[in-house]
Amino acid sequence: MSTTPEQSKGPQDIMGAAAGHVRIFDTTLRDGEQCPGATMTFEEKIEVADCLDAMGVDIIEAGFPVASEGDFEAVSAIAKRVKNATVAGLARAINADIDRAGDAVRHAQRGRIHTFVSTSPIHLAHQMRKTEAEVLEIITATVARARNLVEDVEWSAMDATRTPIDYLCRCVEAAIKAGATTINLPDTVGYATPQEYGAMFAAVRARVPGADRVIFSTHCHNDLGLAVANSLSALAAGARQIECAVNGIGERAGNAALEEIVMAIKTRGDALPYDTRIDTTMLSRASRLVSAVTNFPVQYNKAIVGRNAFAHESGIHQDGILKYQQTYEIMTPESVGVGKSSLVMGKHSGRNAFRAKLKELGYELGENAFEDAFVRFKGLADRKKHVYDEDIEALVDEGIAHMHDRMKVVSLTVIAGNMGPQSATLTLDIDGVQHTVQSTGNGPVDATFNAIKLLVPHEVKLDLYQVHAVTEGTDAQAEVSVRLEEGGRMVTGRGADTDTMVASARAYVSALNKLMVKRQKTARVQQQAL
Ligand code: KIV
Ligand code: ZN
């Protein structure tokens, strides 16, 4: 980890940090949450923010405060509790957005307003319907307004990579003159190549008066799979902030993956002479948490945090690794927080051992959440011979995800087999009242989902039903993901249990809970628009 800006000796950048210090700006809670199906609850956002702060992220983009009351509350709460990171709120170039973002980050130790406007001809003509001159005026007015509210203002040129360089330079100049302290040049549509992206930063930094007074930032989307390469290329051209998201989640194909950026810098110090403040041993935990709360599975072969990232299957590779680890590994699993699956405890383990294990896994739970997790751990240990770290993580993450759900699965009995019809008897707790129903279906999963539909009538499309085992063995917990779609709204739910049908019911009910939150959010936004 690098030193803090105040401690840095030797050449320093404009903000007093070491010249090679790269600020990690995490947008998991904003751009990440924006992607279809990744909606997080308030508690989930808090949990992710705490993890990012503990990991050493420099700036946490906590949300888009004007988007909804829920977004505003989450950004404000994160701003109040975060200890080290700067907390940013996003705002369009609209006064109401800027004021709302300023309000949301008001109590942060370090608060930032991140305001953006499109600059490319295609956006100006077809989306904004404004002239270049009008947009320049908007930049001056909105950045100045933000700067009146906070010291730290980031301005982004949306679709910078498809903006003619002369006009882009004029926009950046206007933003700097109006008081922006960070200038972000996003590859909004993931169109640039590394060489082009670096050249754009070099040109803007060379041509714009005052460019030496601000920090330049990257924000790359992964439509062509180049987001990380583009971000790193901009470092060589002087950028010192990278916007990225855990597991690379974000609009469409996602954003640059935080863990890939950080480990590339750490592993290839010879080619990339920079450093970050990230505690890389927390990368794996952050990835699992984000995957759990967004219900987005991490692909097995995902760099750094995928299940296979450190697995060696072929005989030749295994032989080499056993003789000398570096024959086939350029970084150690421990450096990203991947330990060997360890047998943790059984049904005789007590509260203290469980508390110590949670601490080791990076969880800090309040008393109620701890008690709830402990009871569920005991239940699991009764049903499962070996309880592994992964089991504990699945159990705790699920508890956090469902803490404030209005509907909960109380019990489920399923009759399966080939002598049909398959049936399910289900009890749900809905707003504190228990309801029981029986249903049949074309298989046990269908019967279970039909029972849910009887208790909570709704019309949705089941977009995805996916099961995977948390650990090995026939008594392993099944982790089920369910994605539902209703009128363009997409939500995903996840459930874990040693019984696949119970996990399925929990996942479906969890998705329904998220759908209810999303319906309210949409209704509020529509009301605001009237
Ligand atoms: O992709 C983009 O341009 C953005 C901006 C809001 C920074 O997400
Ligand atoms: Zn983006």
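Predicted model only: the values in this text are computed from it and were never measured. Just the heavy atoms: all of them, side chains too, but no hydrogens, waters or symmetry mates, feed the values below. Counting starts at 1 for both ligands and their atoms, in listed order.
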Any atom of ligand 1 sitting under 4.0 Å from a heavy atom of R30? yes
Apply the side-chain contact (heavy atoms from CB on, under 4.5 Å) test between T181 and each candidate in M15, R112, R213, E151; give the one that qualifies. M15
For ligand 1 and D159, I'd like to know whether there is a polar contact (N/O to N/O, distance under 3.5 Å). no
Has R110 got a side-chain atom pairing as donor or acceptor with N84's backbone, closer than 3.5 angstrom? yes
Report, in ascending order of atom number, the atoms of ligand 1 lying under 4.0 Å from any heavy atom of D31. 8 (O)
For atom 4 (C) of ligand 1, the closest protein heavy atom turns out to be H219 NE2, 3.4 Å
Below 3.5 Å, N or O to N or O, backbone or side chain included: is there any such pair between N184 and ligand 1? no
Has R307 got its NZ or CZ under 6.0 Å from the middle of the six-membered ring of Y300, at an angle within 45 degrees of the ring axis? yes
Could you tell me the angle subtended at the Zn ion (ligand 2) by OD2 of D31 and NE2 of H221, rounded to 10°? 100°
Within the 4.0 Å heavy-atom shell around P186, which atoms of ligand 1 are there? 3 (O)
N222 side-chain N/O to L226 backbone N/O, donor-acceptor pair under 3.5 Å: yes
Using a 4.0 Å heavy-atom threshold (strictly under), name the region of T188 that reaches ligand 1: side chain, backbone, both or neither. both
For ligand 1, is any non-hydrogen atom under 4.0 Å from H221's backbone (N, CA, C, O), its side chain (CB onward), both, or neither? side chain
Look at the side chain of E33 and the backbone N and O of M40, then say whether any donor-acceptor pair between them is shorter than 3.5 Å. yes
Taking atom types as modelled, find out whether E154 and T182 have a side-chain donor-acceptor pair closer than 3.5 angstrom. no
Report yes if some N/O of S156 lies less than 3.5 Å from some N/O of ligand 1; otherwise report no. no
Any heavy atom of H114 closer to ligand 1 than 4.0 angstrom? yes
Can you say whether the rings of F201 and F216 are parallel (under 30°), tilted (30 to 60°) or perpendicular (over 60°)? perpendicular
Between the CG atom in D50 and the NZ atom in K83, the distance rounded to the nearest 0.5 Å is 6.5 Å
